[in-house]
Enquirer: 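Questions regarding the structure given below will be posed in turn.
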Amino acid sequence: MHNLKDKCVILAVSGGIAAYKAIELLRLLTKAGADVHVVMTRSAQEFVTPLTFQTLSSNPVHTELFNLISEREIGHISLADRADLFIVAPATANVIGKIACGIADDMLTTTVMATKAPVLIAPAMNVNMYTNPIYRENEAKLGRLGYLFVAPVCGALACGWEGQGKLAAPEVIFEAALAALSVKDLAGRTIMVTAGPTREEIDPVRYISNHSSGKMGYALARAAVRRGASVILVSGPTCLPAPTGVESVLVVSACEMQAAVMSHASSCDVVIKAAAVADYRPVERKATKFKKQHDAMTIELVKNPDILAGLGSMDYQRPFLVGFAAETDNLAEYAAKKMKEKNLDMIVANDVSQADAGFNAENNRALLLFRDGRSAECPLMSKDALAERILDSIATGLNGDRG
Ligand code: CTP
């Protein structure tokens, strides 16, 4: 779970059929701890009632510019001042046109104009409106002025047309909101993350693998993008969607992962090896499915290359190296040994024997060990939260001495 405690977010909803999706966005923001204040235009209220947003945000919904009964302060100014982030979702062509032209004639447009917070706009409209040169000019102008956009997606539109104009998914807008609120302390850095298991094929239908889901590596990739890094995600087979804004390299086996990692390594500032690489592969991959015959059978295995150790032995342009250690016992001792033997700057040690953390779980707890002998305990937390903690340490390590 992400931590937006102490963050005040204004969610401005304008009048489009996608207004109902703003409800889900509100849920994601409040679940992450944000204090969300909703502003609605008159037309938005034709699609969804203010009561829905009021109930889910636990805050009054702002609809009128001049509300003399409830406002002792000037409503739109105090809201605008309080905001850490301003989101307009869905944003109609009309509202975007008004913002671009400096028209402030209702609660939403007045508050946007008065805020100094970053403004994130998620447009939703008919495809012909979206491609209209007037709209395009308005969007380009706002882009130049620093307004952030989450592009609409292609699909069947409510108006009957097919094309780009559907509001981006609430999860995608939420991710963009997290990015807008993040400190860009990794800007200018290139970070490679490896994630997921590898699969070592025995024949066309069978393979050797492990329980890694890839969730920790994907959380690291998303968090690094939010913090401004260019991210290359080298991933083994997982069920996870590719995070937005990363260069995804999909691999299957350890040897393929090694080739992908080594071809990018020297252009990276950091490599985080969260992947659970299979240590062995079958000596031979059968070309056709083998048939069962005997009661017992033996498959001869050969050791896979240790990708991380290979990175550690680079004597030129070695990136800042972060390994993971999956252990069931002697966590600190084994992890420290791996850090030394593979010549790492930092290692994230996981106890994978516990059911509530590690492999395939939503949460994780870890012991971070550093080259200079320091260590830090991370108690049970979401993989997203742990990713932020790991990146905090990496950002510090990049700015300081590697020890
Ligand atoms: N690793 C790697 N290549 C391998 C095996 C592991 O790059 N062939 C990396 C992993 O991505 C991880 C670290 O090395 O960052 C430690 O992996 P782990 O599985 O915990 O340990 P191993 O080195 O494989 O040793 P063991 O299985 O004996 O504990």
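Quick note: residue numbers are just sequence positions, from 1.
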Enquirer: Would you confirm whether Asn399, through its side chain, and Ala395, through its main-chain N or O, come within 3.5 Å as a donor-acceptor pair?
Expert: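 Yes.
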
Enquirer: Working to the nearest 0.5 Å, report the span between OG of Ser14 and CG of Asn94.
Expert: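 Result: 8.0 Å between the selected atoms.
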
Enquirer: Please tell me whether Thr198 and Glu200 have a donor and an acceptor in their side chains that are separated by less than 3.5 angstrom.
Expert: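 A pair is found: one side chain offers a donor N or O, the other an acceptor, under 3.5 Å apart.
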
Enquirer: Taking the side chain as every heavy atom from C-beta outward, state whether Leu4 and Phe174 have any atom pair closer than 4.5 Å.
Expert: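 Side chain of Leu4 against side chain of Phe174, heavy atoms only: contact under 4.5 Å found.
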
Enquirer: Shortest non-hydrogen contact from Phe149 to Pro123?
Expert: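 Here Phe149 and Pro123 meet closest at CD2-CG, 3.9 Å.
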
Enquirer: Would the distance check show the side chain of Gln54 and the main-chain N or O of Pro50 forming a donor-acceptor pair, the cut-off being under 3.5 Å?
Expert: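 Flag not set: sc Gln54 to bb Pro50 has no pair under 3.5 Å.
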
Enquirer: Between Thr49 and Thr52, does a side chain to side chain donor-acceptor pair (under 3.5 Å) hold up when you go through it step by step?
Expert: CA-CA 6 Å; Thr49 68; Thr52 309; 3.1 Å; yes

Enquirer: Considering only NZ, NE, NH1 and NH2 on the basic side and carboxylate oxygens on the acidic side, decide whether Arg42 and Asp106 come within less than 4.0 Å.
Expert: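 No, this pair does not count.
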
Enquirer: Quick one: pull up CZ in Arg281 and OG in Ser253 and give me the separation to the nearest 0.5 Å.
Expert: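 Atom-to-atom, Arg281:CZ and Ser253:OG are 8.0 Å apart.
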
Enquirer: Nearest 0.5 Å, what's the CD1-CG distance between Ile272 and Leu344?
Expert: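 These two atoms lie 12.5 Å from each other.
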
Enquirer: Any idea which heavy atoms bring Ser382 and Asn363 closest together, and the distance?
Expert: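 Heavy-atom minimum between the residues: CA-OD1, 3.2 Å.
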
Enquirer: Would you say Ser235 and Tyr218 are linked by a side-chain donor-acceptor pair, where the criterion is simply a distance under 3.5 Å?
Expert: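 Yes - a donor-acceptor pair under 3.5 Å links their side chains.
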
Enquirer: Is there a donor-acceptor pair closer than 3.5 Å between any side-chain N or O of Asn59 and the backbone N or O of Val38?
Expert: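 Not at all, since once roles are kept as given, no pair shorter than 3.5 Å links the two residues.
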
Enquirer: Take Asp105 and Lys98 through the test salt bridge (Lys or Arg N to Asp or Glu O under 4.0 Å) and record every step on the way to the result.
Expert: CA-CA 9 Å; Asp105 64 352; Lys98 280 193 201 174; 2.9 Å; yes

Enquirer: Could you pull out the closest heavy-atom pair between Ala22 and Leu11, with the gap in Å?
Expert: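 Ala22 and Leu11 have their closest heavy atoms at O-CD2, 3.7 Å.
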
Enquirer: Among Val261, Ile232, Leu233, whose side chain to side chain contact (heavy atoms under 4.5 Å, CB included) with Val249 holds?
Expert: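 The passing option is Ile232.
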
Enquirer: Taking His37's backbone N and O only, do any of them form a donor-acceptor pair with Arg82's side chain (distance below 3.5 Å, no angle check)?
Expert: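 Not at all, since once roles are kept as given, no pair shorter than 3.5 Å links the two residues.
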
Enquirer: Kindly indicate, with the supporting measurements, whether the criterion side chain to side chain contact (heavy atoms under 4.5 Å, CB included) is fulfilled by Met125 and Tyr130.
Expert: CA-CA 6 Å; Met125 63 193 74; Tyr130 188 65; 3.9 Å; yes

Enquirer: List in chain and number order the residues that pass ring-ring contact (aromatic ring centres under 6.0 Å, His included) with Phe324, two or more places apart in sequence or in another chain; answer none if no residue qualifies.
Expert: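 Checked Phe324 against ring-ring contact (aromatic ring centres under 6.0 Å, His included); zero matches.
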
Enquirer: Run the salt-bridge test on Lys337 and Glu333 with the 4.0 Å N-O cut-off and return the result as yes or no.
Expert: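 No, this pair does not count.
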
Enquirer: So, Asp306 and Lys338, do they make that salt bridge, N to O below 4.0 Å?
Expert: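 Salt bridge: no.
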
Enquirer: Does a side-chain N-to-carboxylate-O contact under 4.0 Å join Lys286 and Glu201?
Expert: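 No, Lys286 and Glu201 are not salt-bridged.
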
Enquirer: With side chains defined as the heavy atoms from C-beta onward, is the minimum distance between Glu24 and Lys21 less than 4.5 Å?
Expert: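 They are not in contact (no side-chain heavy atoms under 4.5 Å apart), so the answer is no.
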
Enquirer: Taking CD in Gln317 as the centre, count heavy atoms belonging to other residues, nucleotides or ligands within less than 6.0 Å. Is the count above 12?
Expert: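 Correct, the count exceeds 12.
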
Enquirer: Can you confirm if the NZ or CZ of Arg206 lies within 45° of the ring axis of Phe290 and under 6.0 Å from the centre of its six-membered ring?
Expert: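 Geometry flag: set, cation within 6.0 Å and 45°.
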
Enquirer: For the backbone of Lys289 and the side chain of Asp203, can you confirm whether one donor and one acceptor N or O come within less than 3.5 Å of each other?
Expert: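 Checked: no pair found.
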
Enquirer: Calculate, to the nearest 0.5 Å, the distance between atoms CG and CG belonging to Leu167 and Leu157 respectively.
Expert: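 Interatomic distance, Leu167 CG to Leu157 CG, rounded to 0.5 Å: 11.5 Å.
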
Enquirer: Report yes if some heavy atom in the side chain of Pro243 is under 4.5 Å from a heavy atom in the side chain of Val225; otherwise report no.
Expert: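 Pro243 does not reach Val225 side chain to side chain.
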
Enquirer: Do any N or O atoms from the side chain of Thr115 and from the backbone of Thr111 form a donor-acceptor pair under 3.5 angstrom?
Expert: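 Not at all, since once roles are kept as given, no pair shorter than 3.5 Å links the two residues.
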
Enquirer: Quick one, Asp329 with Tyr334, criterion side chain to side chain contact (heavy atoms under 4.5 Å, CB included). Give me CA distance, side-chain angles, the key distance, then yes/no.
Expert: CA-CA 8 Å; Asp329 53 331; Tyr334 286 154; 3.9 Å; yes

Enquirer: Please give me the minimum heavy-atom distance between Leu220 and Ala274, naming the atom from each residue.
Expert: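 Distance-wise, the nearest heavy atoms are CD1-CB, 4.3 Å.
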
Enquirer: Which heavy-atom pair separates Ala104 from Met113 by the least distance, and what is that distance?
Expert: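 Closest heavy-atom pair between Ala104 and Met113: CB-SD, 3.9 Å.
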
Enquirer: Between Arg227 and Glu388, is there a salt bridge with N-O shorter than 4.0 Å?
Expert: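 A salt bridge is present here (some side-chain N lies under 4.0 Å from a carboxylate O).
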
Enquirer: How many angstroms lie between atom OG1 of Thr109 and atom CD1 of Ile96, to the nearest 0.5 angstrom?
Expert: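 Here the rounded value is 13.0 Å.
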
Enquirer: Measuring only between side-chain heavy atoms, which start at C-beta, is Leu308 closer than 4.5 Å to Val271?
Expert: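 No, every pair of side-chain atoms sits at 4.5 Å or beyond.
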
Enquirer: Are any side-chain N or O atoms of Lys141 and backbone N or O atoms of Ala100, one a donor and one an acceptor, separated by less than 3.5 Å?
Expert: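 It does hold such a pair.
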
Enquirer: Looking at Arg285, I'd like to know if its CZ atom is crowded, meaning that more than 12 non-hydrogen atoms belonging to other residues, nucleotides or ligands lie closer than 6.0 Å.
Expert: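 Yes, because the 6.0 Å sphere around CZ of Arg285 holds more than 12 heavy atoms from other groups.
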
Enquirer: Apply the test side chain to side chain contact (heavy atoms under 4.5 Å, CB included) to residues Leu186 and Asp269: give CA-CA distance (whole Å), side-chain angles for both, the deciding distance (0.1 Å), then the verdict.
Expert: CA-CA 10 Å; Leu186 295 174; Asp269 299 290; over 6 Å; no

Enquirer: Donor-acceptor pair, Gln164 side chain versus Pro152 backbone, under 3.5 Å?
Expert: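 Yes, the answer is positive, given that a donor and an acceptor are paired below the 3.5 Å cut-off.
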
Enquirer: Would you say Lys340 has more than 12 foreign heavy atoms packed within less than 6.0 Å of its NZ?
Expert: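 Not more than 12 within 6.0 Å, no.
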
Enquirer: Do the side chain of Asn350 and the main chain of Ala366 share a donor and acceptor less than 3.5 angstrom apart?
Expert: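 Pair absent, no side-chain N/O of Asn350 close to backbone of Ala366.
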
Enquirer: Who pairs with Glu362 by side-chain hydrogen bond (donor to acceptor under 3.5 Å, both in side chains), at least two apart in sequence or on another chain?
Expert: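 So Glu362 forms a side-chain hydrogen bond (donor to acceptor under 3.5 Å, both in side chains) with Lys215.
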
Enquirer: Strictly distance-based, threshold 3.5 Å: is any side-chain N or O of Lys116 a donor or acceptor partner for the main-chain N or O of Ala83?
Expert: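 Pair absent, no side-chain N/O of Lys116 close to backbone of Ala83.
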
Enquirer: With a 4.0 Å cut-off, would you call Arg389 and Asp384 a salt bridge?
Expert: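 No, Arg389 and Asp384 are not salt-bridged.
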
Enquirer: Does the side chain of Leu368 reach to within under 4.5 Å of the side chain of Phe370, using non-hydrogen atoms?
Expert: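 Yes. Closest side-chain heavy atoms under 4.5 Å.
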
Enquirer: Test Asp185 against Arg226 for salt bridge (Lys or Arg N to Asp or Glu O under 4.0 Å), laying out the working first.
Expert: CA-CA 10 Å; Asp185 57 353; Arg226 287 198 291 272; over 6 Å; no

Enquirer: Within a 6.0 Å radius of atom CG on Leu380, are there more than 12 heavy atoms belonging to other residues, nucleotides or ligands?
Expert: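 Result for CG/Leu380: enclosed.
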
Enquirer: Using the ring of Phe320 (Phe, Tyr or Trp, six-membered ring only), decide whether Arg371 places NZ or CZ under 6.0 Å from its centre and within 45 degrees of its axis.
Expert: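 So Arg371 doesn't make the cation-pi contact.
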
Enquirer: Side-chain contact, heavy-atom cut-off 4.5 Å: Val193 with Val234?
Expert: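 Result no, sub-4.5 Å side-chain heavy-atom pair not found.
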
Enquirer: Taking all non-hydrogen atoms of both residues into account, name the closest pair between Thr92 and Gly16 and its distance.
Expert: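 Closest pair (atom of Thr92, atom of Gly16, distance): CG2-N, 4.3 Å.
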
Enquirer: Hey, does Val270 have a side-chain heavy atom less than 4.5 Å from the side chain of Arg189?
Expert: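 No, too far: nothing below the 4.5 Å cut-off.
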
Enquirer: Can the ring centroids of Tyr20 and Phe47 be said to lie less than 6.0 angstrom from one another?
Expert: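 No.
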
Enquirer: Before you tell me yes or no, could you show the steps for Leu321 and Asn343 under side chain to side chain contact (heavy atoms under 4.5 Å, CB included), namely the whole-Å CA-CA distance, both residues' side-chain angles and the distance that decides it to 0.1 Å?
Expert: CA-CA 8 Å; Leu321 290 181; Asn343 191 23; 5.9 Å; no

Enquirer: Report the distance from atom CG of Asn364 to atom CE of Met216, rounding to the nearest 0.5 Å.
Expert: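 So the CG of Asn364 and the CE of Met216 are separated by 6.0 Å.
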
Enquirer: Would you mind reporting whether Cys268 and Ile191 have side-chain heavy atoms less than 4.5 Å apart?
Expert: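 They are not in contact (no side-chain heavy atoms under 4.5 Å apart), so the answer is no.
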
